[in-house]
Amino acid sequence: MEDKTDALPPVSDFSAWYNEILRRAEIMDVRYPVKGLYVWYPFGFSIRKHTYNMLRSLLDADHQETIFPLLIPDHEFMKEAEHIKGFEEEVYWVTHGGLSELDVKLALRPTSETAIYPMYALWVRSHADLPLKLYQIVNTFRYETKHTRPLIRLREITSFKEAHTVHCTWDEAAGQVEEAIRLYSQFYHSLGVPILVSKRPDWDKFPGADYTIAVDTIMPDGKTLQIGTAHHLGTHFSKTFNITYEDLAGEQQLAYQTCYGISERCIASVISVHGDDTGLVLPPSVAPVQVVIIPIIIGKRKDEVLAAAETLCSELKGLGIRVELDLRDMRPGAKYYHWELHGVPLRLELGPRDIDSGTIVAVDRFKQKQQIGSAAEVPALLEEIQKAITERAEASMEGKIAICTTIEEIRTAVESGVAVASWCGERDCADRIEAETDASLLGRELRGKHAEKVNGNSCVICGREGKGALIGRSY
Ligand SMILES: Nc1ncnc2c1ncn2[C@@H]1O[C@H](COS(=O)(=O)NC(=O)[C@@H](N)CS)[C@@H](O)[C@H]1O
Ligand SMILES: [Zn+2]
């Protein structure tokens, strides 16, 4: 499925690079005949599998996984006014079963609040049932009218992890939102993807939420990608869906809720943030192939080399490493090209000379070469590569964040990344900043060290005292 006729576009031509890498590295096939729907190649699906295994292992510590129905009756979907306003232009409807028209039209879930919360109303009876913390990883459907793009803006979101929690008090729900962001930070750290956390301005929060905390990363073209969100829902939905619990005094109380979601944009971030002009660069944590062994087969010692390579391969498998032994009838160089394109973090070369000297040539994805003595050294090597990939991405993001004190500086900064500037918090100043820089006000930074550098400075628009805000172009 890969042709090497012309070279991969450089990452600096990001849009072309991104489209090409999805095909060349066999991640997604964009030729499916419905706009906004794409097909996972097995290799891409394997990246997804390892990535979502990581996410599940974090969630399963104190959430339970389940699955709710895809189809939502319109009378449930239309219950919460703000939620409807936010989604009525994006929701797909099913109106027929076979040849007969349905008496109740059914929404394809764009997100599952209105599928889940009627059931939560039946399940939640007492404070003893709380906190309730469930998640599902399902496909959801949004009739996106902006430019659709594989893994980034889909009409069928194939890997939508949505968690929905129920609590006794507003503060407990607020604590859960914090916990969700902590979990997302851990998840993205395991992918080596650096993040910016911010509280979205009120006009950008999730429909029906009290507030929204968002996780963004900066893509190679300087645009931000929102790769996770956590919402405090207050009692907006518990009022509408009558989710109440009996408290210790025997009184009925409205429950407080949160929900938080991640989609396959997490895969888009791993591909984009780490990729280089040679192809994918996959952190060992999620690489389908962590180590590839290339036997250097020379003439009469072929059998000896192959035997040594087989032994090395089974030793690595014994260490739980995802390893491929490439026995294809190709020049080593062509093999190197293939595995580098597929982002394999570590290549081991084994030839007669290496056998004689009892060493193995180890070449990491950044083409750093060294000799190792045995398979036992490989786990530590993979950890070093994980760290190197993470640090490289963190440095790259830091280089895309600029402290700004004027609109002109913001305008320049958002060409290649994110601006940090002082904002008074008023909407009309935010509108002016967005209009004059053609970028979005991402919000007040949380858990980060950038905004504090401009806290107390005067607002870049009105001059009143402001606090640091993040501004950037976004997908
Ligand atoms: N069309 C889309 N394609 C790919 N990912 C998307 C799309 N729309 C949203 N997302 C991702 O899904 C995340 C959660 O979506 S959301 O609307 O913000 N939040 C919810 O739906 C809440 N119910 C939390 S699960 C977003 O942060 C964004 O990263
Ligand atoms: Zn202002």
Side-chain angles (χ1 to χ4, degrees), residues 28 35-38 59 63 68 80 82-83 86-87 90-92 109-117 134-165 176-177 180-181 184 187-188 193 195 197-198 200-201 204-209 211-217 224-233 236-237 257-269 407 421-434 436 441-442 457-467 469 474-475:
M28 270 217 149
K35 178 177 159 64
L37 274 61
Y38 309 100
L59 285 160
H63 296 66
F68 285 84
E80 211 284 336
E82 278 197 41
H83 191 69
F87 281 101
E90 290 191 5
V91 63
Y92 283 92
R109 61 185 169 216
T111 172
S112 299
E113 283 74 8
T114 56
I116 296 173
Y117 299 168
L134 305 184
Y135 75 94
Q136 63 177 8
I137 300 178
V138 292
N139 58 347
T140 55
F141 294 83
R142 299 187 183 192
Y143 185 65
E144 296 280 359
T145 44
K146 276 173 76 175
H147 182 52
T148 51
R149 197 186 295 260
L151 296 175
I152 289 176
R153 184 175 295 280
L154 310 109
R155 286 186 167 176
E156 175 177 3
I157 304 170
T158 67
S159 315
F160 193 72
K161 184 289 298 171
E162 49 178 325
H164 295 266
T165 70
Q176 188 60 43
V177 170
I181 296 301
Y184 284 5
F187 172 60
Y188 280 109
V193 172
I195 58 172
V197 181
S198 60
R200 286 285 188 261
D204 253 354
K205 67 188 179 188
F206 180 71
Y211 60 83
T212 286
I213 309 287
V215 172
D216 293 299
T217 195
T224 60
L225 180 66
Q226 179 181 283
I227 50 177
T229 28
H231 314 288
H232 193 309
L233 303 178
H236 295 275
F237 287 91
Q257 296 179 261
T258 84
C259 64
Y260 32 103
I262 279 183
S263 75
E264 47 259 61
R265 286 187 176 181
C266 63
I267 311 282
S269 70
I407 281 286
S422 177
W423 167 53
C424 63
E426 294 303 321
R427 168 116 204 216
D428 50 2
C429 287
D431 289 347
R432 285 269 310 276
I433 292 172
E434 295 190 342
E436 295 184 25
L441 188 126
L442 300 174
N457 292 9
S458 47
C459 171
V460 288
I461 298 290
C462 70
R464 275 172 298 184
E465 183 175 344
K467 287 199 301 182
S474 48
Y475 274 93

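Since the structure is predicted, the reported quantities are computational estimates derived from the model, not experimental observations. Every number for a ligand or one of its atoms is a count from 1 in the order of the listing. When reading the values below, keep in mind they use all heavy atoms of this one structure, side chains included, and skip hydrogens, waters and symmetry mates.
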*Given the side-chain rings of Tyr475 and His147, with only the six-membered ring counted for Trp, is the space between their centroids under 6.0 Å?*
no
_Centroid-centroid distance, His164 to Tyr260, less than 6.0 Å_ =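 Here the rings of Tyr260 and His164 have centres that are no less than 6.0 Å from each other.
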*Could you tell me whether Arg155 sits above the aromatic face of Tyr143, with NZ or CZ closer than 6.0 angstrom to the six-membered ring centre and within 45 degrees of the axis?*
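Yes, a cation-pi geometry holds between Arg155 and Tyr143.
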*What are the two closest heavy atoms between Pro110 and Arg142, and how far apart are they?*
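Looking at all heavy atoms of both residues, the closest pair is O-NE, 2.8 Å.
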*Evaluate the salt bridge (Lys or Arg N to Asp or Glu O under 4.0 Å) criterion for residues Asp216 and Arg265: first the C-alpha distance (whole Å), next the side-chain angles of each, then the deciding distance (0.1 Å), finally the verdict.*
CA-CA 10 Å; Asp216 293 299; Arg265 286 187 176 181; over 6 Å; no
_Just to be sure I understand the cut-off, which residues have at least one non-hydrogen atom under 4.0 angstrom from an atom of ligand 1?_
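Correct list: Thr111, Glu113, Arg142, Glu144, Ile152, Arg153, Leu154, Ile157, Phe160, Glu162, Phe206, Gln226, Ile227, Gly228, Thr229, His231, Cys259, Tyr260, Gly261, Ser263, Arg265.
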*asked:* Would you compute the distance between atom CD of Glu144 and atom CG of Leu154 and round it to the nearest 0.5 angstrom?
replied: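 Answer for the CD-CG pair, Glu144 versus Leu154, is 8.5 Å.
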*Can you find a pair of side-chain heavy atoms, one from Asp431 and one from Ile433, that are under 4.5 Å apart?*
no
*Hey, what's the ring geometry for Phe206 with His231, parallel, tilted or perpendicular (30° and 60° as the breaks)?*
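Plane angle under 30°, so parallel.
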*Can you check side chain to side chain donor-acceptor pair (under 3.5 Å) on Thr258 and Thr165, steps first, answer last?*
CA-CA 5 Å; Thr258 84; Thr165 70; 2.6 Å; yes
*Can you list the protein N, O or S atoms less than 2.8 Å from the Zn ion (ligand 2)?*
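Atoms qualifying: Cys424 SG, Cys429 SG, Cys459 SG, Cys462 SG.
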